[in-house]
Structures are given as C-alpha cells and as structure tokens.
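Heads up, the thing below is written out as structure tokens.
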There are 2 protein chains.
Amino acid sequence: MKATINDVAKQAGVSIKTVSRVMNNESSVRQLTREKVMEAVNALHYQPNLAARNLAGTKAYSIAFIYDNPNAYYVIDMQNGILAACKQQGFELLIHPCQAKSEHVLDEIADMVRKTRVAGLVLTPPFSEMPEFVQKIIDLDVDVVRIMSGDVAPDELAPCIMVNDHAASVSITQHLIDLGHKNIAFIGGEAAHMSTVERLRGYKQALTDNDIAIDERLIIDGEYSFESGVHGAKQVMSEDVRPTAIFSCNDEIAAGSLFAARLMGISIPDQLSIAGFENSPFSRQTWPRLTTANQPNQKIAEDAANLLIAKSRKQTAQNSVRHYTPQLIVRDSTGKSH
Amino acid sequence: MKATINDVAKQAGVSIKTVSRVMNNESSVRQLTREKVMEAVNALHYQPNLAARNLAGTKAYSIAFIYDNPNAYYVIDMQNGILAACKQQGFELLIHPCQAKSEHVLDEIADMVRKTRVAGLVLTPPFSEMPEFVQKIIDLDVDVVRIMSGDVAPDELAPCIMVNDHAASVSITQHLIDLGHKNIAFIGGEAAHMSTVERLRGYKQALTDNDIAIDERLIIDGEYSFESGVHGAKQVMSEDVRPTAIFSCNDEIAAGSLFAARLMGISIPDQLSIAGFENSPFSRQTWPRLTTANQPNQKIAEDAANLLIAKSRKQTAQNSVRHYTPQLIVRDSTGKSH
DNA sequence: AATGAAATTGACAGCGTTGTCATTATCAAA
DNA sequence: TTTGATAATGACAACGCTGTCAATTTCATT
C-alpha cells in the first residue's frame, strides 16, 4: 500500500540515494534523472516516511506551538497561521497547551523535545515574556521564536515578533479624545502581561500628549475575560468622576463592559463609548459592534513559523526581529462625547 | 544531551530489549528489574524516540484531527478534548483543517497518512457525514471515528459518537412551548448538515406533540453564522404571523437574531424569546444571556480519541457507538409569552 | 539433588530514510 | 585523443527502537 523509497528507485531505475536527493531538492541531480524519479513518485503516490527521515537525518520536519491562553479566537488564529506556513513547507504541527503556573511545564516541554525532534517552538505570552523560561528552553538545545508585546526586542535570546501594543493603544485613545472624551477609563487585563502594560502605557501617553490629566481612579486592574469586563465597568461607572468612555484592554473585556452598561441602563455609544482591542470575531457580533484595534494574529503566527523553518534550514544563528502594529478599526461602540 | 535506550540499558545493567519492555509496560519483567530500569530512566530523563518507535514498531503514537469548521469555540473544544486523551496516553496530535469542498481533501489526507502512521482519524461534520468519504478513508487502511448528529448510527463503517440533536431540540422547543409560545420560528444552519436536519426534526416533533401546527413560513434556511442569524431574524419578524419565539440552530445564529431584534427595537425576552444551541462561551456573553442546549464537545472529542487509541492498541474490530444528548440550559433570553 | 515447565532476559535483524565517502560519467581544455 | 576537474550517482553504514526467536534463569515438583 505505502510505497517506499525503494519502490520508487526500482521503478525509476536509479539508486535509493538519488531518489532521496530528488525528494530533498538537492541540486546535483541531472534534469532528466529528476524527471524520471518524479514520474515514479507520482505514479506510486510516494511520500517520504517522516519517522525514517527524522531518525536518519538531521533536519526537522515539524514545529511545536506552546500556549496558555483561554481565548479560543486567539489560539485558533495563531494555529491557523502556523498551519499555513507548515502546509506550504510540508511541516507538521504539534500542539501543546500548557499551564504556565504549573511547575512541570518545563519538564513537559523537555520531554516532548526529547522524543520528537522539532524545528523549534513558537512561544506566545506568557511564556514568551519569561526570559528565564526562554533561556531554559534554549538550554534544551531547541530553537524558539517569541511572539510578544513591545516596540523593541528585550534581548538577544531568540528571534522575536514584536506587537506594538503601545502605538495601537495611542491610536485608540486618541480616537476617543478626538471624539471629545476627556474622562476616559481603562480596564486592564492581567497586570503581569506585557500587553496590558504596553496598552496602559499607550493610553497614558495619549492622554499626556493631549494635556489630559491621568486619573488613577479611572484605571482598573482586571483579567482578559468577559466577567472582568462586567466587573470593571460596574466599578468604574460608580466612581465620582463618571467616565464618558472606556478603553477595554481586549474585546472580551469590552463585551463585558457593554453587558454591564446594559445592566445599568447606560446606552452605547450615546452615554458611554466603549473600545476594545484585538478585533476578534465577536467584536463584530456585539450590539453595537465594537471599535477596536486589529491584531493580525494569523499573519503574525505564520511569520513566526516561517522564521523557525527558515532558521532550521539555513542553520543561521541570526535573530531576526519583526514588527506589527495593530490598526484602529472604528465601529459603532464609540461616538461623540456629549 | 538526549539519552537513548542504549544509555539506559548500560546504566541499568540490562539489555536494551528489557528497557524496551519496561517502557512498553510489558508484563514479563521482574519487579526488581523494572525498578532498576525506571531508576535509570529517571536519572537520564530518558524518553523513547518517537521516530524510532514508529519506524521499528507496529504501534501508532499519534492521532489526527480532521475538520472543516469556522467556529473557533467548537474547534478548540474538540481539540482540547482530543489533547486530554492524547496527553494521558502519551500520544501526539496532528491537526488537519481541510476544505470539504476542495477536490484535493482526500489526497491531502492520503498523503498525510502515507507519511506519518497515525492510530486513526477523528472526523467531525461534514466529513463524518459523508459515507463515501469515510469509506475512501477506510480504504486507505486507517482507522476512523466519526462524531456526528443522530440518534442511531447510520452504518457499520466505523465507530460513531452520536449527538442526539433531535432529543435536545425537542427539549428546547418544549421549553418554549411551556412558556406559552405558539408561534415559534426556526432559523436553521446549513441544510446539508445533519445537525440542522435533526434539530429541525426535533422542533417539528415537539410542535406536533403539542398539537401546534407547523407553519413553513416560520422555518428559515440559513448558515451557522452570526450574519445568517441577523438575516433570518429580520426575515421571520416581518412575516404576517410574527413569531413570539425564535429557536436558532446554534448560538451564533441566536446572537445574530439578538442583534437583529435590537436593530428592530424588539426587546428580549419581553417581546421575543430567543434560544440558541451549543452553549458556546458567548452564549453567556450576550445580552441577555442565551437559553441554549449544552453540547459537551470536549467530552465527546476525548471519548472519540480514547476510542481510537483503545482500538489501535487492542486491534479489536468492534465498532462501538456512544451517545450524547445535549441538555437544556435556561438563561435570560427566553421568557413567558404575553 | 534432579527435572521440566514457565518466567525472564538477550542477540540480532530490520524498519525507511539520510550522511559519508567512493565510484563513475561528463565535458572543456590540452 | 588524452587529461583533469567537476558533476552525477551509488554502496553502505548508521539512526534508535521493536519483533522474533533463542538462551537462560527461576521455581515448584519429584
């Protein structure tokens, strides 16, 4: 049923090694020979056995995706991006959700690496933002690419894909300011996440740039969840200085804020503007639809995977850095301040 | 860095075959020997090389997940379920999103199978509901488990996990009827999906059981999407016989219906009750929160994966069938008919 | 202590590739 | 035509494990 390289070699009248050369796109094969081989390959539906390749060779044929994130949209986007790169390059993808808090994370990853030879790991927050963790992974002798928040790479440990949350956050806040808002609240995600830190920094920067005083009472700590958005909005809307706009740190929080506003009989965007962040599908499925910033997760992940694959092929040690800035998308949840 | 079976054998003072026996939990190893070996295994952090195992042995150490579904919550749930089973059994998971409409689906899957030896494939709709497709996969000599809608398995091709959408749909419709509704609309998903068919069948059955006439004008074809829900609700609410309740075929459609109702100034649930199906996270994140039926996707997927793993281990040909019935969850989007 | 069956262990080949190195073909220049 | 350099090809040994089958040990019985 499954053809082996031997079958192909016989059928094409060449040695196994020549078939191997063709399958690996090596240059030193005559055009004629190459065609003969490909003909046999197609006729027999030959696919090189991955296990044998892994065992015999030194190249890798798969990459792993490490994450700890409850956000389905985020994970799926990332995954699809990585898969796109994998498909194009003939790689397989291994999925590894982990508990960042667990003491065994590193052991788990180490075990996985010991048994499966991967071209490298795609790390997302919070893993990508833990330098000691990244270092330990590298000590395992695996390549790594980090997707993280920031405008400059924090170190030279490994290639980075930087998401400029700061700049995007300035855009959103500026958008609210342009609509005439002065009392703008900020509902954050987990304070330990760089994305929260960076978005908060952007928010403050925009206020400062426009000579608006920063009011700490309008800045709420939270988590990246709907519930947290409900909670945060309730809290902030019962402050003495009632805000006329809320910048929620992601779309889920924004959806929660929307929910809370509804509970409190506050109409959006007439009495209160709400902005999210991420442009996840449901930012289009709330009522009203959310103003947000588009974070191109799929592209980012594809980029990351390609970086890893390229690095594994070229054996280059160069740590490239890529940059992405989420773009403002104005929808119906933000309006003029009255 | 990476310890091999040889290293362990030396350290433990036994042959590699004995180490192999221990790693595979074979019975004919003396307790003392087993302990010696395990000690060495732990000391060296030995993990059997997957590639070598695949190449040398006849067992499989991974399973594949085939799907074509734009619903992130669904995919993630399924995936997490499969991963849970995999983790427990030391299996790896290969993810394969496919375009059901593409002519190359089968070739893609065939290629994957030719190069990677898997214990089997987990098929979800629409793949699981295409008998010829399933047959062709089986002809490839791969095991398969199907997750699909229905109350009885349609054939003996492969093990099935049946989701009783019919019964669940009866519950939901009955719930609406119990609230006093008589004009109940039904907004369907893709007509080709068995889940749509089954849910429609349940809806009709409940009406019939309660001597309520079926009004075809209240039955709308659609897709499993938010937009389709918006569309369907607008359409059905402009009929002569305005319904007092809408049963949307899944939560996304229900969210869309909610959105449309809001656009039309219809208050939920006072003027209109809306029910969804699936209990996806955002059924809790709409306003008001959706009455729905809980489809335990994660459990279902875990079950499927375990079936596959067990089958691959025991070489048993028995095609087991499992059943799940989604349970009604009453929230705030449905209320008494006035 | 001797016997034999059952339990335990090991030697060795082979899984389907790739890496290394040797061999053969090719072709421009002498 | 011969030569030498280079391009193409092939032979063969790994890679790290499991399957097969043979060898050894164990232990209850004689």
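In what follows, chains are A, B, ... by sequence order, proteins preceding strands, each numbered from 1.
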Without decimals, in angstroms, what is the distance between B:Lys10 NZ and C:dT9 P? 20 Å
Whole-Å gap separating P (C:dG16) and NZ (A:Lys2): 10 Å
Whole-Å distance, B:Arg34 CZ to C:dA7 P, equals 15 Å
I'd like to know if the side chain of B:Gln79 pairs up with that of A:Gln79 as donor and acceptor (distance under 3.5 Å, no hydrogens or angles considered). yes
Strictly by modelled atom types, are B:Gln135 and B:Asp139 linked by a side-chain donor-acceptor pair under 3.5 Å? yes
When the distance from CG of A:Asn54 to P of C:dC15 is rounded to whole Å, what number comes out? 19 Å
Have B:Gln295 and B:Asn297 got a donor and an acceptor in their side chains that come within less than 3.5 Å? yes
Name the one of B:Ile138, B:Ile109, B:Ile63, B:Leu140 that satisfies side-chain contact (heavy atoms from CB on, under 4.5 Å) with B:Leu121? B:Ile109
With a cut-off of less than 4.0 Å, is there a side-chain N or O of B:Arg30 near OP1 or OP2 of C:dT9? yes
Carefully, step by step, assess A:Ile66 and A:Met112 under the rule side chain to side chain contact (heavy atoms under 4.5 Å, CB included). CA-CA 11 Å; A:Ile66 311 291; A:Met112 189 263 281; 4.1 Å; yes
Could you tell me whether a side-chain N or O of B:Asn69 sits under 3.5 Å from a main-chain N or O of B:Asn71, the two making a donor and an acceptor? yes
For nucleotides 10-20 of chain D, read 5' to 3', which letter fits each nucleotide if B means a protein heavy atom sits under 4.0 Å from the base, S means only the sugar-phosphate is that close, and - means neither? BB---BBBSBB
